[in-house]
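Remarks on the structure that follows.
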Amino acid sequence: MEQIGRLVGHVRTEMERVVVGQREAIDQMILCLLCGGHAILEGVPGLAKTLSVKAMARLLQVSFQRVQCTPDLMPADVIGTNIFNPGTAQFALRPGPVFTDLLLVDEINRTPPRTQSALLEAMEERQVTIDGERYPLSELFTVFATLNPVEFEGTYPLPEAQLDRFLVKILIDYPAAGVEEDVLKRYEQGFDARDIARMDLAALPAGAVATARRELGGIRVEDALVHYIATLVRRTREWPSVSLGASPRGAIGLLGFAKAVAAVEGRDFVIPDDVKAIARPVLRHRVILKPEAQLESVTPDQVVDEIVRSVAIPK
């Protein structure tokens with residue numbers, strides 16, 4: 001697991017020069033990328049969500065595009081469209097921002113369901129269909145979608161079908177007092193988040209992510225662990241306070257993410273603690289609570305914790 005360890009360690013070190021106090025969120029972003037999944041970054045404005053994605057793209061030497069979601073955004077603005085060229089009397093593809101490695105979808109819930117659905121095929125099959133013709137996307141295509149949890153006016157809830165296509169939902173909270181002071185000191189000393197090139201980040205060699213992904217195939221998962229993961233996911237569908245639980249895609253995501261955690265820890269096998277450590281980010285957005293549970297201020301994280309405690313750990 002040498003390549004994965006070096007990659008994660010390097011990204012952690014360099015990202016801490018850019019984003020302070022978000023180690024857990026950064027780790028989950030790296031692991032999501034290694035697993036070939038997509039992530040929701042939920043947090044109030046000003047917590048460096050956009051900066052984190054831009055800096056990571058620069059570190060990994062992958063292409064980066066951004067979509068700023070608005071109510072008038074159309075599907076063609078995301079996936080692209082065919083434009084008629086009068087000079088050649090032919091239509092030519094004008095590719096949209098999905099033709100990239102890392103795609104930042106900023107405030108995804110501000111665009112209507114019709115445009116949100118334009119990402120479904122891209123996220124699941126890494127291809128888009130334009131005028132009946134399929135176009136493949138990058139093998140590294142990854143969506144990082146930001147979400148503002150406190151502003152609801154002029155927003156559109158994400159449908160369950162789209163939520164399920166995100167491997168993880170990463171919650172980003174306010175920094176601690178000491179961390180916030182550190183941020184202020186950096187800015188006082190000339191730090192500028194708008195000028196990443198000036199930070200002189202040490203980029204990884206091109207292809208490092210692809211190599212690390214291949215290493216994940218060597219992680220072993222015993223049958224008892226497979227049964228443990230399947231039981232956890234099935235129990236989300238049976239839990240009294242849950243109206244809709246995780247799908248088989250959620251179980252696959254939990255398995256893959258646990259393998260990435262094991263690799264970062266330097267092991268070529270998964271243990272129950274790997275699964276327990278990432279149950280929240282993988283399952284929290286797949287657990288839809290009943291109205292009465294929401295009225296009692298029960299959170300998806302609390303339910304996931306209860307489910308994890310209720311399942312016997314394999315010996």
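The first residue of the sequence shown is numbered 1, and numbering continues consecutively from there.
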Do Y174 and V44 touch side chain to side chain, with heavy atoms closer than 4.5 Å?
yes

Donor-acceptor under 3.5 Å (T236 side chain, A246 main chain):
yes

Main-chain N/O of V20 paired to R186 side chain as donor or acceptor, under 3.5 Å
no

Would you be so kind as to tabulate the donor-acceptor pairs closer than 3.5 Å made by side chains of residues 217-226, with sequence neighbours excluded?
from : atom 1 : to   : atom 2 : distance (Å)
R220 : NH1    : E222 : OE2    : 3.3

Has R213 got a side-chain atom pairing as donor or acceptor with L33's backbone, closer than 3.5 angstrom?
yes

Look up atom NE2 in H10 and atom CD1 in I30, then write down how far apart they are to the nearest 0.5 Å.
10.5 Å

Nearest 0.5 Å please: distance from the CD1 atom of I40 over to the CG atom of L147.
6.0 Å

Rounding to 0.5 Å, atoms NZ (K49) and CD (E107) come to a distance of 8.0 Å

Mark yes or no for whether T81, through its side chain, and A76, through its backbone, hold a donor-acceptor pair below 3.5 Å.
no

Any Lys/Arg nitrogen of R126 or E139 sitting under 4.0 Å from an Asp/Glu carboxylate oxygen of the other?
no

Within-4.5 Å side-chain heavy-atom neighbours: V53 and M29:
yes

Has the side chain of R284 got a donor or acceptor atom that lies under 3.5 Å from a matching backbone atom of K169?
yes

What are the two closest heavy atoms between G21 and V179, and how far apart are they?
CA-CG1, 3.8 Å

Please say whether more than 12 non-hydrogen atoms of neighbouring residues, nucleotides or ligands are located less than 6.0 Å from CZ in R12.
yes

What residues form a side chain to side chain contact (heavy atoms under 4.5 Å, CB included) with P113, not counting sequence neighbours?
Y156

Should the pair E125-R134 be classified as a salt bridge under the 4.0 Å nitrogen-to-oxygen rule?
no

Using modelled atom types and a 3.5 Å cut-off, is there a donor and acceptor pairing between side-chain atoms of D77 and backbone atoms of M74?
yes

Is there a side-chain contact between H38 and L167 (heavy atoms, below 4.5 Å)?
no

Between H227 and P314, is there a side-chain heavy-atom distance shorter than 4.5 Å?
no

In Å, rounded to the nearest 0.5 Å, how long is the span from CZ of R17 to CZ of F191?
9.5 Å

Are V303 and I288 connected in a single hydrophobic cluster, I mean Ile/Leu/Val/Met/Phe/Trp/Tyr linked by side-chain heavy atoms less than 4.5 Å apart?
no

Measuring from atom CG of L47 to atom CG of D173, what distance do you get when rounded to the nearest 0.5 angstrom?
7.5 Å

T146 side, atom OG1; E42 side, atom CD - distance, nearest 0.5 Å
10.5 Å

